[in-house]
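The structure under discussion appears below in the form of structure tokens.
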Amino acid sequence: TIDFTMADLANADLSGSALEAYTNYYGATIDFEEAHLANADLSGSWLTAKSRKGDTKIDFAKANLTNADLSGSKLTAEPTGAYPKFPGDSTINFTKADLANTEFSGSVLTTGTTGSILVAIAAATAVAAATEPVSAAAFTSAAVAPAAPMRGRKTNVLQCSIGDVH
């Protein structure tokens, strides 16, 4: 686990950074839950959580991403499929995150299980849409399609081709 829970990374320049949480037996997590990332630059970053046997998660739940730049970033949470009996679930979670004016253009979010990106993002945009000024069109033009299957499992890819969330 890479743990940035409640970290104050406001205005941080993390552009082009690469973080990988990998484990053979347990869950792999990159955790930004409740982190303060307002105005942070994560453009072009690669965040990867992989596990041979266990769940994988990139967690931005309740994080403040106001005016953050995640353009061109690649977020990947997926089991390797090495243990088909225990493949694990994967999630990229933005539940209750503040996404006001967050830039996601050119970003690619990938998980190894069906629906784990959509559920999390739908919850985040629903919360964001309840506040002013936020557009529910945050992820318009996003396409979810199965990519290369891993040992019989579907992979979801969400490509964001949008500008600001506002």
Side-chain angles (χ1 to χ4, degrees), residues 1-9 12 14-37 40 42-65 68-99 102 104 106-129 138-139 142-160 162 165:
T1 296
I2 299 173
D3 191 0
F4 292 104
T5 303
M6 298 176 66
D8 185 357
L9 297 169
L14 303 169
S15 60
S17 60
L19 297 174
E20 182 176 26
Y22 177 84
T23 181
N24 284 322
Y25 300 105
Y26 304 104
T29 302
I30 299 176
D31 196 352
F32 286 98
E33 187 173 358
E34 295 186 41
H36 185 55
L37 292 157
L42 289 115
S43 61
S45 296
W46 290 57
L47 306 179
T48 306
K50 289 192 175 193
S51 175
R52 292 182 69 191
K53 180 180 176 183
D55 297 339
T56 57
K57 183 191 291 189
I58 299 175
D59 195 359
F60 287 98
K62 300 180 186 175
N64 179 355
L65 291 158
D69 184 358
L70 279 85
S71 62
S73 60
K74 305 218 180 311
L75 283 65
T76 305
E78 61 188 7
T80 65
Y83 293 96
K85 280 188 165 181
F86 308 101
D89 290 323
S90 53
T91 305
I92 299 174
N93 185 12
F94 287 96
T95 304
K96 295 185 180 179
D98 185 346
L99 300 175
T102 300
F104 282 96
S107 295
V108 178
L109 288 70
T110 308
T111 66
T113 53
T114 305
S116 50
I117 296 172
L118 289 177
V119 172
I121 288 176
T125 55
V127 170
F139 293 94
V144 178
M150 294 183 324
R151 299 190 187 222
R153 295 185 56 99
K154 284 188 176 179
T155 300
N156 283 334
V157 177
L158 176 67
Q159 292 186 321
C160 301
I162 47 91
V165 176

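- Counting heavy atoms from C-beta outward, Leu75 and Phe60 have side chains that approach closer than 4.5 Å.
- Not counting sequence neighbours, the partners of Thr48 by the side chain to side chain contact (heavy atoms under 4.5 Å, CB included) test are Glu20, Lys50, Thr76.
- Here the side chains of Glu78 and Thr110 are in contact, with some heavy-atom distance below 4.5 Å.
- Neither side chain, Thr56 nor Ser51, offers a donor N or O lying under 3.5 Å from an acceptor on the other.
- Between Gly72 and Ser107 the shortest heavy-atom distance is N-OG, 3.6 Å.
- Under the side chain to side chain donor-acceptor pair (under 3.5 Å) criterion, the residue pairs touching residues 27-37 are Thr5-Asp31, His36-Asn64, with sequence neighbours excluded.
- For the residue pair Thr95/Asn93, the side-chain donor-acceptor check at 3.5 Å is satisfied.
- Not a single side-chain hydrogen bond (donor to acceptor under 3.5 Å, both in side chains) links Tyr26 to another residue, sequence neighbours left out.
- Of all heavy-atom pairs between Leu9 and Ala40, the closest is O-CB, 3.7 Å.
- For an aromatic pair to be called close, the ring centres must be under 6.0 Å apart, and Phe94 with Phe104 satisfies this.
- Expressed to the nearest 0.5 Å, how far CG of Asp69 lies from CG of Leu37 amounts to 12.0 Å.
- Distance check, rounded to the nearest 0.5 Å: OG1 of Thr91 to CG of Asp55 gives 7.0 Å.
- Of all heavy-atom pairs between Ile58 and Ala49, the closest is CG1-CB, 4.3 Å.
- For the atom pair CG (Leu42) and OG (Ser17), the distance works out to 6.0 Å, reported to the nearest 0.5 Å.
- Remark: Leu19 CG to Ile30 CD1 distance equals 5.5 Å, nearest 0.5 Å.
- A donor-acceptor pair is defined here as one N or O able to donate and one able to accept, closer than 3.5 Å; no such pair exists between the side chain of Asp59 and the backbone of Phe32.
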